Protein chains: 2
Amino acid sequence: MLNPITPEIEAEFRRALPLKTFPELQDAYLQEPRGRYKAGDALLIAPSTTAEVAQVVKLADTHAIGIVPYGGGTGLVGGQIAENAPRHIILSMERMTAITQVFPQENVLIAQAGAILHNIHQSADAVDRLFPLSLASEGSARIGGCLATNAGGVNVLRYGNARDLCLGLEVVWPNGTIWNGLSRLRKDNTGYDLRHLMIGSEGTLGIITAASLRLFAKPARAGTALFVVEGPSAALNLMAMARDHMGEAISAFELIHRQGLDFIAETLPDIRLPFPEPPEWVVLIDVGLPKALDPADTLLQLFEDAQKLGLVHDGLIAQSEQQRAEFWSIREHIPEANRRIGSVSSHDISVPLGCIAEFIDRGRDVIRSIGDFRINCFGHLGDGNLHYNVFPMPGKSRADHQHQRDQIKSAVHDLTHKMGGSVSAEHGVGRLKVGDLERFSDPAKLQTMRAIKAAIDPKGIMNPGAVLRDIELRQTNLRKDLDAL
Amino acid sequence: MLNPITPEIEAEFRRALPLKTFPELQDAYLQEPRGRYKAGDALLIAPSTTAEVAQVVKLADTHAIGIVPYGGGTGLVGGQIAENAPRHIILSMERMTAITQVFPQENVLIAQAGAILHNIHQSADAVDRLFPLSLASEGSARIGGCLATNAGGVNVLRYGNARDLCLGLEVVWPNGTIWNGLSRLRKDNTGYDLRHLMIGSEGTLGIITAASLRLFAKPARAGTALFVVEGPSAALNLMAMARDHMGEAISAFELIHRQGLDFIAETLPDIRLPFPEPPEWVVLIDVGLPKALDPADTLLQLFEDAQKLGLVHDGLIAQSEQQRAEFWSIREHIPEANRRIGSVSSHDISVPLGCIAEFIDRGRDVIRSIGDFRINCFGHLGDGNLHYNVFPMPGKSRADHQHQRDQIKSAVHDLTHKMGGSVSAEHGVGRLKVGDLERFSDPAKLQTMRAIKAAIDPKGIMNPGAVLRDIELRQTNLRKDLDAL
């Protein structure tokens with residue numbers, strides 16, 4: 001059982017660390033932007049060095065105090081908000097923001113965990129390199145949080161998830177020891193890959209304090225197109241064809257449904273929609289090509305070949321950087337339009353690529369069997385990652401459907417699971433999907449996860465209640481004690 | 001402590017499983033091809049299904065019997081040979097060789113762990129796809145072993161190590177439960193990434209029984225060149241320039257030293273060397289380009305641009321598939337030429353890319369301080385992965401330098417470590433480098449590795465003595481028991 005921070009314990013922390021380490025606790029730390037999670041009281045600690053992080057963790061370990069690692073606070077599944085936890089530590093990385101080293105020849109950048117994603121982009125750009133992790137929240141998300149949650153975004157198709165962009169980590173383990181794993185190596189087969197274990201563990205196994213990141217050569221020439229496709233299945237065939245034309249040069253392949261365009265027209269009239277009549281399905285294709293290839297020509301060639309097979313009906317190829325930005329602006333404003341409409345239930349799911357079309361068909365039937373709704377299904381088609389969001393019909397509000405919310409969520413998640421999919425493609429488990437993880441995960445996977453959690457964090461101080469329930473951790477520990485008797 | 005298989009226990013295994021599950025134990029299972037490791041007596045078990053693997057593991061767990069998972073037996077670090085272990089099980093995957101499913105549209109292939117790498121290549125090829133893991137031993141290496149050791153090879157630069165090519169695993173844990181993680185998903189953030197923990201754990205955490213693998217579109221047009229460079233530093237600048245020209249299209253960027261060419265001339269006179277006078281340093285560049293780019297033209301453009309900056313002096317660009325094969329044949333015969341000369345000490349190391357030139361200079365000095373030797377330093381420059389091999393001078397033999405072998409190995413490994421490198425870039429730890437792992441690993445990393453091993457395999461039955469010493473595992477367990485008292 002975790003203990004609350006008593007005044008005596010707080011005094012001990014304050015004696016151990018400089019005054020600056022204790023900024024004022026603003027409400028923002030206790031409540032996520034959408035207000036869905038709210039923590040009880042906490043002590044905000046913002047160390048300035050890895051050694052200070054280790055000091056905090058050691059003290060917390062001694063007193064069995066919970067620690068919630070805190071990056072930009074942009075997570076969507078409540079991983080950064082410890083509801084129901086006794087008075088605990090919010091360990092903010094906001095004072096560890098340095099980009100400590102850049103190796104342009106090696107394509108490596110080393111940053112502290114608190115570095116803001118956008119600043120990492122700029123540092124890479126300054127040496128004519130690209131750090132491709134790109135998210136809506138990149139202006140406030142911190143790299144430690146991006147790695148702890150294995151963030152995705154729009155460039156996964158070409159460059160992979162956050163885990164694929166990380167060469168090494170520095171970590172403070174729950175016992176306060178520091179692992180210096182800030183490797184710049186491309187290949188290292190010496191022992192278990194603790195880096196990948198930490199990435200995606202959402203702060204439940206330790207604290208990422210710094211990371212060694214992969215940079216890339218900037219593609220010489222970029223191009224963007226909007227192609228009107230028959231449907232998701234044609235879109236997949238188009239993607240396969242685009243790969244035959246361009247190899248790995250496709251950075252994004254995003255599916256957009258008419259519902260999203262209609263929402264933009266309804267709520268964001270300033271965003272220009274380039275089609276006179278919104279088509280049913282559109283894909284946004286972004287390519288970054290070597291200098292010998294002209295993006296507009298290459299995309300036109302793709303269009304013509306795809307048209308011959310009936311995969312595309314119509315299309316627009318950006319002829320300028322301004323047009324590229326306009327096309328992207330449509331895709332990027334869909335989440336905002338969704339917010340303005342107000343969803344009944346949103347889902348961040350993935351299914352095997354070959355099942356996407358069937359999933360969309362069956363999903364429509366499943367939702368229809370519950371009631372009348374508008375569905376905006378869009379997202380990272382190339383990764384099989386759909387944002388599948390269900391909205392009230394015009395004239396109705398989310399409040400009108402409050403009672404159906406859980407039913408919709410379960411129905412979508414059940415269908416996803418049945419089709420071999422994941423109910424958290426890129427947002428993580430946090431506190432929102434702990435129940436889903438238990439319901440849908442392979443039991444042998446869960447059992448192993450619990451064994452690892454109990455081995456690395458036996459007191460359960462790290463991000464208590466996220467990913468795995470505390471109670472199970474306590475059971476695992478008790479079982480171990482029993483076995484040892 | 002592990003128990004030996006007694007006649008009674010063997011009878012129990014034989015009762016539980018069909019007769020075919022017990023092939024005759026050939027010497028090859030007990031001794032690796034080079035004869036450096038030799039196991040004592042063992043019972044060979046070759047299950048035909050995952051359920052049978054689980055049965056074997058459960059029985060082994062009950063009796064605390066060691067299990068050595070066995071793939072193609074091609075490992076170079078003794079991971080497949082349990083020296084000093086009491087009579088144990090060699091669990092061969094040789095009867096689980098099926099390629100069970102291929103999804104060309106999804107670029108996914110699912111295979112049992114015993115599938116031979118070459119056969120996976122052929123299955124991918126049959127649907128016009130590429131599985132890029134490529135090793136000298138691909139004719140006998142099995143995919144389970146390739147994943148357990150996170151194999152590398154010549155295509156890592158473009159496509160990554162074995163771990164980067166795996167979407168999911170099926171695993172039998174040391175308690176006999178089966179984790180069905182054969183995912184076809186590109187994105188799945190539900191819980192700890194057990195896949196990456198298993199990959200590279202060298203059979204010490206469980207048994208990989210099947211894998212879901214990533215396929216790729218075949219590059220439309222391939223090209224190969226041999227460029228003569230000033231030295232390793234110029235080679236790295238050339239690589240950066242090649243990336244600006246071609247993006248990710250460079251599949252291999254291999255460094256070759258004159259010593260390797262001389263060894264080929266000396267021991268393999270049938271291999272044609274295309275330079276009248278062997279140059280000091282050569283790079284072999286292999287590219288796979290989209291159909292709009294001509295490989296020979298693109299490589300010529302690169303050569304001309306590189307020549308302007310003085311990075312390359314001379315070069316050959318393959319004008320036919322036959323010439324491509326000839327160029328590759330040189331690179332591929334270096335290991336065989338090395339074997340024929342007979343190295344005093346061989347090293348599979350990696351260093352940060354920016355340190356390669358300095359490492360080669362300092363390495364030469366270090367070896368010179370020990371004695372007169374010939375050094376053949378070659379390998380996967382793009383990955384910072386050098387095969388750094390030390391040979392006797394002409395007229396001397398490896399036996400003449402037996403007494404200096406450990407000194408050379410230590411000196412090379414010390415230098416590697418000092419420069420932020422890894423003493424096992426792609427071959428793994430096995431039994432050969434257990435001491436190196438202890439000597440060079442971050443203590444907090446080792447501690448966490450031991451905690452994970454103790455949590456997942458508390459009796460230490462999985463590949464005992466590989467990666468981590470048994471004694472430490474016992475200590476960790478005893479410490480846990482003590483804590484629990």
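All values below come from the heavy atoms of this structure, side chains included, with hydrogens, waters and symmetry mates left out. Computed from a prediction, not measured in an experiment: that's the story for all the values here. Order of the sequence lines sets the chain letters (A, B, ...), proteins ahead of strands, with each chain counted from 1.
- Options Ser201(A), Gly181(A), Cys355(A) differ in how many heavy-atom pairs under 4.5 Å they form with chain B, and the most are formed by Ser201(A).
- With a 4.5 Å cut-off on non-hydrogen atoms, Ile178(A) touches chain B through its backbone but not through its side chain.
- Between Leu293(B) and Leu293(A) the shortest side-chain heavy-atom distance falls below 4.5 Å.
- When heavy atoms are compared at a cutoff of 4.5 Å, Asp188(A) approaches chain B by way of both its backbone and its side chain.
- The heavy-atom pair separating Ala451(A) from Ala455(B) by the smallest distance is O-CB, 3.6 Å.
- For the pair Gln105(B) (side chain) and Gly354(A) (backbone), a donor-acceptor distance under 3.5 Å is absent.
- Shown here for Arg243(A) and Asn107(B), the closest heavy-atom pair between the two residues is NH1-ND2, 3.4 Å.
- Contacts of Asp442(B) with chain A are made by side-chain atoms alone, with heavy-atom separations under 4.5 Å and no backbone atom involved.
- Partners of Ala425(B) under the side chain to side chain contact (heavy atoms under 4.5 Å, CB included) rule, at least two apart in sequence or in another chain, are Lys187(A), Asp348(B), Ser350(B), Asn385(B).
- Contact annotation for Asn150(A): both backbone and side-chain heavy atoms come within less than 4.5 Å of a heavy atom of chain B.
- Using a 4.5 Å cut-off between heavy atoms, Lys445(A) contacts chain B through both its backbone and its side chain.
- If you measure heavy-atom distances from Val467(B) to chain A, the contacts under 4.5 Å come from the side chain alone.
- Summarising the geometry of Ser422(B) relative to Thr190(A), their closest heavy-atom pair is OG-CG2, 3.6 Å, with the distance given to 0.1 Å.
- For the residue pair Pro290(A) and Met246(B), the shortest heavy atom distance occurs at CB-CA, 4.0 Å.
- Remark: of the listed residues Tyr192(A), Trp179(A), Trp173(A), Trp173(A) is the sole one forming a side-chain hydrogen bond (donor to acceptor under 3.5 Å, both in side chains) with Thr448(B).
- Contacts of Ser183(A) with chain B are absent, with no heavy-atom separation under 4.5 Å from either backbone or side chain.
- When all heavy atoms of Gly420(B) and Leu185(A) are compared, the closest pair comes out as O-CD2, 3.6 Å.
- With Asp193(B) contributing its side chain and His196(A) its backbone, the two residues share no donor-acceptor pair below 3.5 Å.
- For the set Ile199(A), Leu446(A), Leu437(A), the entry with the most heavy-atom pairs within less than 4.5 Å of chain B is Leu437(A).
- Neither the backbone nor the side chain of Gln301(A) has a heavy atom closer than 4.5 Å to any heavy atom of chain B.
- Your options are Glu426(A), Glu202(A), Arg195(A), and the one with the most heavy-atom pairs under 4.5 Å with chain B is Glu426(A).
- Within the 4.5 angstrom heavy-atom criterion, only side-chain atoms of Asn161(B), from C-beta onward, approach chain A.
- Residue Asp297(A): no heavy atom, backbone or side chain, is found under 4.5 Å from chain B.
- Contact of Val108(B) with chain A is not made at all, since no heavy-atom distance falls under 4.5 Å.
- Top candidate by heavy-atom pairs under 4.5 Å with chain B, chosen from Leu236(A), Asn189(A), Leu197(A), Leu157(A), is Asn189(A).
- Using a 4.5 Å cut-off between heavy atoms, Lys433(B) makes no contact with chain A at all.
- Contact of Pro352(A) with chain B is made through backbone and side chain together, with heavy-atom distances under 4.5 Å.
- Shown here for Asn175(A) and Gln447(B), the closest heavy-atom pair between the two residues is ND2-OE1, 3.5 Å.
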